[in-house]
Amino acid sequence: MSKKIVLIDGHSILNRAFYALPVLTNSEGLYTNGVLGFLNILFKILDEEKPDYLTIAFDVHQPTFRHEMYAEYKGTRKGMPEELREQVPLLKEVLQAMKISILEKGGYEADDILGTLAVKAEKEGYQVSLVSGDRDLLQLATEAIRIRIPKTKKGGTEIENYNTNDVVETYGVTPIEFIDMKALMGDTSDNIPGVPGIGEKTASKIISTFGSIENAYEHIEEVMPNKARESMINNREQAYLSKVLATIKTDCELDYRVEEADYQDIYNEEAYNYFKRLELKSLLKRFDGMSLSNTKSSEKNETKFEVITEKKKAQETFDEAVRTSLKAAVGFYLVTEGDVLGLALSYGENTCLFLCGEESEDLAAQDIAAGLGRLFGAGSSFATIHLKEQLPYLPEGTEEKISDMAIGSYLLNPLQSSYECDDIARDYLKLTLPSQSEILGKGSYKEFLKLKKEESTAFFCNHAYTALKAMPFILEELKLKGMDSLYKTIEMPLVYTLYDMEQRGIKVNREELKEYGDKLTVGIDRLEKEIYELSGEEFNINSPKQLGVILFEKLQLPNGKKTKTGYSTSADVLEKLQAEYPIVGKILEYRQLTKLKSTYADGLAVYIGTDGRIHGKFHQTIAATGRISSTEPNLQNIPIRMELGREIRKVFIPEEGYVFLDADYSQIELRVLAHMSGDERLIEAYKQNEDIHRITASLVFHTPFEEVTSEQRRSAKAVNFGIVYGISSFGLGQGLNISKKEAEDYINRYFDTYPGVKAFLDDLVSEGKKEGYVTTLYGRRRPIPELASSNFMTRSFGERVAMNSPIQGTAADIIKIAMIRVNEKLKALKLRSRLLLQIHDELLIEASKDEIEEVRKLLQEEMQHAADLLVALEVDVNEGPNWYEAK
DNA sequence: AATATCACG
DNA sequence: ACGTACGTGATATTT
């Protein structure tokens, strides 16, 4: 293997890092977010590549014509903010302390320095990684030079990699041709004029056809389309100039020798002191082994993974795993894609991967199934990740034996955006693993196993390995935080419930859905004509930008108020104009219809499977409050509020011989509030078993119950909602369309009426501020970092979250308990009726006609008694031949 | 990839 | 004075 060198574009990465992270300072007031982000990326790359050499290049800020133009251009928008500027020297100091080779030279840009170094290193036989945030460098990609572009995705950084082929795949041109392509399309931020009228698509087409600008001019009469050809003819000079500007120099005069760029001693005392002073706490653990040895300690225990494709060897390994499972936990991960492709196992000190199917002639999926049967028969403690996806291939009866580390780490911190293996390894094992998209990209597991055997097997083994190693820490932490019961009795059993629901799916009448869509199309066409008529021209009504111009400029409608990047055309703005301007009503109606058509009529149709059912997915680790979410498609936002939309529920139907039973909690969140706050009057109000909004209105407005007007009731209802959302006078005013002052008055009256609620909400906020998190009745936590913010808006948001999360979260806990019990009970009683959907406070059951009464009772019972609160939970059950009728 | 809008609880 | 209701996901348009 040839030696590796990593070259980093210092300014570009620092810049990316700075904008990716929220502002962060140490206690001295030094800004550190850019430095922190830079170091995170640096360490990620070092851990991943373990290169032999490393250099970081900076351009010196003053010189070159090209650069001045750039500064000026940026100056017109926003210069480098002070917070970032001061981190440049700071970063250099830190890197110097780490004894990392830094290269900067006046007169050259970082691109040119990097280009020169990369080409030089390649010539000398090195494998080169060029790290930058800038796509310009793609022109340098070769087999030996890999361009790496870190992207700041939610939840961490991911790195896009480009060798020659990757550039071709992404842009349709070779790296060399990329220069010409860029020269044609131009780049304002680099001050490359390009050829007017040619964008990315056209440029790619021209260059992939002709190979270069020069050749394109030689055959200029063949260049298509006409517009591009003419523009090229008229801008010949500019095209050639652009090419010069776009070309990165590879022949800078640099006094640089690769051998001097080795980095031996990055974890030294001076560096440690810098990290400590900057309070880069998450990075400090990297210095743990410092005093023991100063040499390359990043060469940690490289776990060895074994790949098994022989039946005999597999049997023996299963034997060993079974023996281990009798006294210790075993980590596993089933690799599936339609079928089982393999199984990763981790036990004791051994981690291995069985491959079956196409990857092994000897080992079949049945062999793995048999092995799994033996293993789960013997052992009692297993750890994995994403259990729900593996359940189709696991034996029965694994409940209570398997832990899912993604579920556990979600409970420990529900704010993360993903709970993949690499996230968990980073958080609990301080291990840097490549993410799926980094090594796999967008390909399938099958391709992945074929093309990148070594990386893919390591990837799968890491799942089993990480599950085994991280699970004890996660379980311990859950216990410490009082969430072990939540985990064991709610979240893990729910995995199986959701799996059942996904498998069952819900039947949809395809023909009727089609008819519904056609009906919408008729209405859309009619409205479209009418709108064009009224506005005097044709335009794209779906474009808020174009619509804004038509309404507020051409037609001069008043109130072009709400802006951000133009006029707001949102429903609440338009509704206020509706009465006076007929076109506005048409637009609102048009919006409604197109929404129904695209999202529901057309959108749902593509998910109907061969069995005539839609098998949506339910996600358990998304919502910060503990709710479940639904995708592909989202079955939790099927229209109901408007009649026309509601109609679509008629296409959701039960199987022959079945009916739908729909059960929903009545005001579960308000009841939870009554319980948690212990407010006596609110509890009393519920005991009366009367319309709660009317009671509230009666109390708040000091009006006899019978005399409450519908207006008063509406206001009281809005206040009740507001309370649950984390009340604010502004928000309530918005919701009720009244002034902030009036809203404030309502809120005060409400709190006078229910003083216990006020005290409870105040307590939640102060608890959140003190502890950094709030909890539900079942111990589920929601951290609220916003409460510590000095920014008023951010902090206010945190306060509302502190008031809302325990209520919404407790309601979520309760219905989860109900779901598990309902599902279990139906199965235990051997009933054919089954749970299909959960919509936050509602369960939809497909009930066999001969079981209706039994199931109705069961639903009532289980849902009502899922929690024992100070106020009774009320459940309404409805029956119907489709979802529309059952609600 | 981000923004605007709107569907639900 | 600040400028917002809480929690999601899908689609179309624009950058």
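Throughout, protein chains are lettered first and strands after them, A, B, ... in sequence-line order, and every chain is numbered starting at 1.
For A/Met793, whose side chain is taken as the heavy atoms from C-beta onward, the closest listed nucleotide among C/dA5, B/dT5, C/dG3 is C/dG3. Side-chain proximity of A/Pro639 to the nucleotides C/dG3, B/dG9, B/dC8 is greatest for B/dC8.
At least one donor-acceptor pair closer than 3.5 Å links the side chain of A/Glu502 to the backbone N or O of A/Phe618.
When the P atom is used for both B/dT5 and C/dA5, the distance is 13 Å, rounded to whole Å. A gap of 12 Å separates the P atoms of C/dT4 and B/dA4, to the nearest Å.
Judged by distance alone, the side chains of A/His386 and A/Glu420 do bring a donor and an acceptor atom under 3.5 Å apart. Side chains of A/Tyr567 and A/Glu553: a donor on one and an acceptor on the other come within 3.5 Å. Checked by atom type, the side-chain pair A/Arg591/A/Thr569 shows a donor-acceptor distance below 3.5 Å.
Contact annotation for A/Val801: backbone-only contact, meaning every heavy-atom pair under 4.0 Å involves sugar-phosphate atoms and none involves a base. A/Ala571 comes within 4.0 angstrom of the backbone, heavy atoms only, and of no base. Among the atoms of the strands shown, base atoms are found under 4.0 Å from some heavy atom of A/Ala718. Residue-level contact check: A/Ile640 touches the backbone only, with heavy atoms under 4.0 Å from sugar-phosphate atoms and none from bases.
Applying the 3.5 Å distance criterion, the base of C/dC6 shares a donor-acceptor pair with the side chain of A/Gln808. Between the base of B/dT5 and the side chain of A/Arg591 there is no donor-acceptor pair shorter than 3.5 Å.
Summarising the geometry, the separation between CD1 on A/Ile815 and C1' on B/dC8 is reported as 14 Å, rounded to the nearest angstrom. One atom, CZ of A/Arg795, and another, C1' of C/dA1, lie 13 Å apart when rounded to the nearest Å. With rounding to whole Å, A/Ile648 atom CD1 is found 11 Å from B/dC8 atom P. Rounding to whole angstrom units, CG of residue A/Leu551 and P of B/dA4 are separated by 17 Å. Rounded to whole angstrom, the span from the CD1 atom of A/Ile587 across to the C1' atom of B/dA4 amounts to 15 Å. In this structure, the CD atom of A/Glu799 is 16 Å from the P atom of C/dT4, given to the nearest Å. If you measure from atom CD1 of A/Ile638 to atom P of B/dC6, you get 18 Å, rounded to the nearest angstrom. Atom CD in A/Glu669 sits about 18 Å away from atom P in C/dA5, given to the nearest Å.
Using a 4.0 Å cut-off, no side-chain N or O of A/Arg800 falls inside it from OP1 or OP2 of C/dA5. Side-chain nitrogen and oxygen atoms of A/Arg641 include at least one within less than 4.0 Å of the OP1 or OP2 phosphate oxygen of B/dC8.
Within 6.0 Å of NZ in A/Lys554 there are more than 12 heavy atoms belonging to other residues, nucleotides or ligands. The number of heavy atoms from other shown groups lying within 6.0 Å of NZ (A/Lys617) does not exceed 12.
A salt bridge links A/Asp518 with A/Lys514: the distance from a Lys NZ or Arg NE/NH1/NH2 to an Asp or Glu carboxylate oxygen falls below 4.0 Å.
Classification of the A/Phe652-A/Trp883 ring pair by plane angle, with boundaries at 30° and 60°, yields perpendicular.
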Exercise. In B/S/- notation, 5' to 3', how is nucleotides 8-15 of chain C contacted by protein heavy atoms closer than 4.0 Å?
Worked result: SBBSSSSS
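Pairing of B/dA1, defined by two Watson-Crick or G-U wobble distances under 3.5 Å, is identified with C/dT14. In this structure C/dC2 sits in no base pair that meets the Watson-Crick or G-U test at under 3.5 Å.
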